[in-house]
Amino acid sequence: MQFFDNLKKGDFMKFEPEKFEKKWQERWEESSIYRADSSSKKPTCFVVDMFPYPSGSSMHVGHPRGYVGTDVYSRFKRMSGFNVLHPMGWDAFGLPAEETAIQNKEYPTVTVKRNIEKFKSQLMMLGLGYDWSREINTTDPAYYVHTQKIFLEFFRRGLAQNKTMAVNWCPELGTVLANEDIVDGKSERGNHPVFQRPMRQWILAITQYADRLVDDLALLPHWPEKIKIAQRNWIGRSEGHEFDFSTTANVNVPIFTTRIETLPGATFLVLAPESDITRKVVSYAKNQDQVEQYVEVTSQKTDLDRQLSREKTGVIVEGVTAKNPFTGMQIPIVVADYVLSSYGTGAIMAVPAHDERDAEIAKVFSLPLITVIETGRMVNADSLNGDTVEDAREKVSVMVDAKPKKRYKIRDWVFSRQRFWGEPFPIVWIEGRDNYELLSQGPIGKWLPNEPVFYVDGLIEHFAVPVLPEFLHAMRLPEVDSYQPTGTLEGPLAGIDQWVKAFLNPKTGEVSNQYNVDWMPVRRETNTMPQWAGSSWYWLRYMDPHNENVPFSKGSSQYWGPVNVYAGADHAVAHLIYARFWHKVMQDAGMVDFSEPFERLEFLGYILASDGSKISKRKGNSRSPEEVVQQVGADAFRLYEMFIGPFEKPIPWNDDGLIGCRRFLERVWRLAEKVIESNLAVSSPAVTSSINKSIQKVGNDIEVFRFNTAVSSMMTCLNEIQHSDVAISDFKAYICSLAPFAPHMTEEIWSMVGQKESIHVSSWPKATVEVGQDGNVVLSIQVNGKHRSKISVPRDIEEDSLKTLVLSDQSVQRHLSGKEVKKIIYVSGKAVNIVI
RNA sequence: GCCCAGGUGGUGGAAUGGUAUACACGAAGGACUUAAAAUCCUUUGAGCUUCGGUUCAUGCGGGUUCGACUCCCGCCCUGGGCACCA
């Protein structure tokens, strides 16, 4: 690192960013130049970073890349006349903070506060122009009270329900995990085993929005196509039919299929082990014990087991058969765990000739296989023989009275966690239907769903009662010493008496720990919301961050919304589907009047370690931003983060490249001194044209997040002009185009040339002469499509005179060598191709 | 298995139908210096060359086109995501 060591020794022109970076950062904060003004008449531009989780380990050089990108973009838009809102906040609920807090024996707010301070100072150090007056923190009661209010909208609309369901229970973490929190059958966090356990859970009925979530992707032309594809696949809408098979067991088995035309080839049925219909059918089975044993064994399997072994297992239900409604044949019934109880009806018709999985299980039990489609036509299918697949589909569905049905892969969202550090549900439980009905007469009534949410424990019915928005202070997390996992399936809150036991005033809806006459005893809900909750609506809070009454005012969302650019890591399916879902529910609740939250998405590629591996603290291959800033300054660091490669591509970090960016800034600095000394009024046309070209390219590239080529065009320009005399006006324009990337140095130069206002509130320079005004263009001369020579001609040259010129070219002559010219193709402004 | 994104010099990358290798790093040589660093200049895809040029190169094989890194078809490889969804 000799270069870095010698930086301070330069004797000619001292470029010492450490002398002015801090100064400008402070002045920008003092003069509030990044504050967004919600009353300006300018067009708005709302730029949001996916907000970080402030973890205990500090940032490495990879983290700020996205923030630098959006900072450059925001500065550019501000200079281009937009009223820019570019805020920042913290997604601070969740397991890691809770675990650190338990380890350190401190309350999580302490951990979170410390981590945020650390993260914030690291961001500040880079000169990022956030509007800190709008900073948010999902764990701040002033924020999460609104998350709770929005939950009440879900509840009131019947979208928040309780279900006892098989959930992913992780004993090590003492909590239930969402599918998205599980990687390769183990918990994403800590890599612990995960088991299926039945448990009462809160779920959000995202499936009710599945169609809108798919269909509205069409409203998002500025989203990357691959994300839209991923979301469509995740939601997994398929259109098919549902109909019944009668059985000798006195129950009908409903099945779902997308290939109803293959019914003639259905030679058996397969039922999912856990499904209700299996329970009914099995009671008629001769081998009831054997089937029940199979069901028991499969229920013990973990997700990991299921993934490791894909061998088809199952058991034939003896003594019971089903009737194929097309052929009239009696066919066997199999219970097998490759059929999922959670999809479709939990039962399928097996067509081994046309489905690989069915074929595998057919082989295990030597069941028959009938091919019913050959080269697009029906065969072995009686009256259908010779029909096309489409015709057969139509006929069969009429014959068996099948209902058209859409099914989705996406599941309802398991929304509760058995942890302490999350938003408490704004729900208390009351015993007995009479009490519930009494409550529905009062003010609580209008917050109740049509179908009551309840569960049965022994003989007692427990009903979910919402805590009204004005009384949510009773639903703040209690500040207690002990909040460790209980080790049972219940969360820590269940072990805290002062939390669980409460009283409800049926006349007002108020909840308190204090008993009053006529108040009803209730139990507070002890689950908390998952980390996804706070991050599913936070962009809206930025628009109106200090509103105490509502999450955000309608007016503020109309003024700023939707988010114009949303940038961050690739969360193709989880966060971005949840966020869209919440947004649509809020739209239905009348809180917002646009249907998609993010107009445009820009994904960020991770920075990798120099060997191409992932940066991780354990490997010791991380590089701290502080170190880099100390060595080359914040501007050079920012510039390099942008220059290193395309924004969306993962790139290995390499210190060597950093040097080039620092050198570039030093050369600009030296040029500044020269320009200020000579104080020239007009540059040569070549210099002016070079600068203009660069400014245009930089602007165009920033607009489409191609920061790397923007930087290189400024470098090219500097190479062209640095040994010429540059007029002060041209140089100022150049500096303006560099300002979004290197805000400190450009601000310093800006003040040196006598500007009083900040460069960051100046205007993006307009090209002062038309680029390429000299009227000549350089054409490629090609022979048979191969570039051989070039020629500079007037832009509007006549084709005939051009041909004469080209044919007399030495290089062309050499390649012609007497051969006949068949034709000449002229592509205006680009190339002339001589075909021989 | 399915879906997505990629494959260009020693390295990060540029060029989305028209001058392949911009920009930067690294490397070699030179200027300045007692010397070194820094800085500046020159060279830098590979081969052949009479130093004018010329041939070959964008994972592999075909195709479309006057012309293909770019579009189409078929492979190979790398990375990421999903995964028994009937």
Side-chain angles (χ1 to χ4, degrees), chain A residues 2-3 5-13 224-227 229-230 232-234 236-238 240 255-259 262 270 306-307 310-312 336-340 342-345 347-351 354-358 360-361 407-411 570 572-573 605-606 610 612 640 643-646 648-661 663-664 666-667 670 706 708-719 722-723 778-790 810-811 814-815 822-836:
Chain A
Q2 198 141 50
F3 178 89
D5 298 340
N6 285 295
L7 278 180
K8 308 275 155 60
K9 293 184 193 162
D11 52 1
F12 163 61
M13 175 78 187
E225 203 54 42
K226 63 169 189 163
I227 302 310
I229 292 169
R232 267 184 216 110
N233 292 343
W234 184 260
R237 177 163 69 191
S238 54
I255 67 105
F256 172 71
T257 179
T258 55
R259 304 282 314 273
T262 62
V270 187
R306 284 170 201 267
Q307 278 174 30
R310 299 204 140 221
E311 298 241 324
K312 297 286 175 291
D337 69 351
Y338 79 92
V339 171
L340 310 173
S342 51
Y343 183 78
T345 60
I348 63 158
M349 63 176 203
V351 186
H354 301 287
D355 184 288
E356 261 180 51
R357 295 154 303 182
D358 297 347
E360 282 175 53
I361 197 85
R407 289 288 183 176
Y408 307 87
K409 281 195 221 175
I410 194 172
R411 302 286 194 272
D570 181 345
V573 287
Y606 291 107
S610 49
Y640 182 55
F643 179 64
I644 189 165
E648 72 288 353
K649 205 186 156 192
I651 307 268
W653 176 267
N654 190 341
D655 267 353
D656 297 340
L658 199 53
I659 296 164
C661 290
R663 281 186 192 145
F664 166 72
E666 289 188 8
R667 287 194 288 141
R670 260 178 263 136
R706 298 183 50 163
N708 56 329
T709 50
V711 174
S712 71
S713 74
M714 287 186 285
M715 289 174 168
T716 307
C717 177
L718 183 68
N719 289 344
Q722 66 177 337
H723 298 302
V778 179
L779 302 178
S780 163
I781 301 180
Q782 304 171 348
V783 178
N784 280 347
K786 245 187 188 146
H787 170 78
R788 292 300 175 190
S789 179
K790 53 190 174 183
Q810 269 191 13
S811 179
R814 196 165 43 239
H815 284 92
K822 284 184 188 150
K823 59 176 163 175
I824 299 178
I825 293 160
Y826 174 43
V827 185
S828 179
K830 284 181 176 169
V832 192
N833 191 12
I834 300 156
V835 187
I836 53 175

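Atoms considered below: every heavy atom in the structure, side chains included; atoms not considered: hydrogens, waters and symmetry mates. Note that the coordinates shown come from a computational prediction; the quantities given were computed from them, not determined experimentally. Every chain is numbered from 1, with letters handed out A, B, ... down the list of sequences.
- Remark: the N654(A) side chain and the Y640(A) side chain contain no N/O donor-acceptor pair separated by less than 3.5 Å.
- Proximity of D570(A) to E648(A): side-chain heavy atoms (C-beta onward) are nowhere separated by under 4.5 Å.
- Here V827(A) lies in heavy-atom contact (under 4.0 Å) with a base.
- The residue K226(A) sits close only to the backbone: its heavy atoms come under 4.0 Å of sugar-phosphate atoms, none of a base.
- Residue V832(A) is out of contact with every strand shown, counting any heavy-atom pair closer than 4.0 Å.
- The shortest distance between the side-chain N/O atoms of S811(A) and the OP1/OP2 oxygens of rG53(B) is not below 4.0 Å.
- Regarding contacts with the backbone of rU54(B), a side-chain N or O of H815(A) is found under 4.0 angstrom from either OP1 or OP2.
- A donor-acceptor contact shorter than 3.5 Å links the side chain of D358(A) to the backbone of V351(A).
- Among the atoms of the strands shown, only primed sugar atoms or phosphate atoms (P, OP1, OP2) are found under 4.0 Å from some heavy atom of R667(A).
- Close to rU55(B), at under 4.0 Å from its OP1 or OP2, lies a side-chain N or O of R788(A).
- Residue-level contact check: N654(A) touches neither bases nor backbone, having no heavy atom under 4.0 Å from any strand.
- Contact annotation for D570(A): no contact, since no heavy-atom pair falls under 4.0 Å across all strands.
- For the pair I644(A)/K649(A), no side-chain contact is recorded, criterion being any heavy-atom separation below 4.5 Å from C-beta on.
- Within 4.0 Å of S238(A), counting heavy atoms only, lie sugar-phosphate atoms of the nucleic acid but no base atom.
- The residue I825(A) sits close to a base: some heavy atom pair falls under 4.0 Å.
- A donor-acceptor pair under 3.5 Å links the side-chain atoms of N784(A) to the main chain of I836(A), judged by distance alone.
- Here D358(A) lies out of heavy-atom contact (under 4.0 Å) with every strand.
- A sub-4.0 Å separation between OP1 or OP2 of rU39(B) and a side-chain N or O of R663(A) is present.
- Proximity of N708(A) to the phosphate of rA14(B): a side-chain N or O atom is located under 4.0 Å from OP1 or OP2.
- The phosphate of rC40(B) (OP1 or OP2) has no side-chain N or O of H723(A) nearer than 4.0 angstrom.
- Here V778(A) lies in heavy-atom contact (under 4.0 Å) with a base.
- If you measure from atom NE2 of H787(A) to atom C1' of rC69(B), you get 17 Å, rounded to the nearest angstrom.
- Between rG13(B) and rG45(B), the two C1' atoms lie 15 Å apart (nearest whole Å).
- Nucleotides rU43(B) and rG53(B) are separated by 15 Å at their P atoms, to the nearest Å.
- The base-pairing partner of rC66(B), taking Watson-Crick or G-U wobble contacts with both distances under 3.5 Å, is rG18(B).
- Here R814(A) reaches the OP1 or OP2 of rU54(B): one of its side-chain N or O atoms lies under 4.0 Å away.
- Among the heavy atoms of the strands lying under 4.0 Å from K786(A) are primed sugar atoms or P, OP1, OP2 only; no base atom is included.
- Put simply, K649(A) has no side-chain N or O that comes within less than 4.0 Å of OP1 or OP2 on rA5(B).
- Base pairing annotation: rA83(B) forms no Watson-Crick or G-U wobble pair, as no partner gives both donor-acceptor distances under 3.5 Å.
- Here Y343(A) reaches the OP1 or OP2 of rA86(B): one of its side-chain N or O atoms lies under 4.0 Å away.
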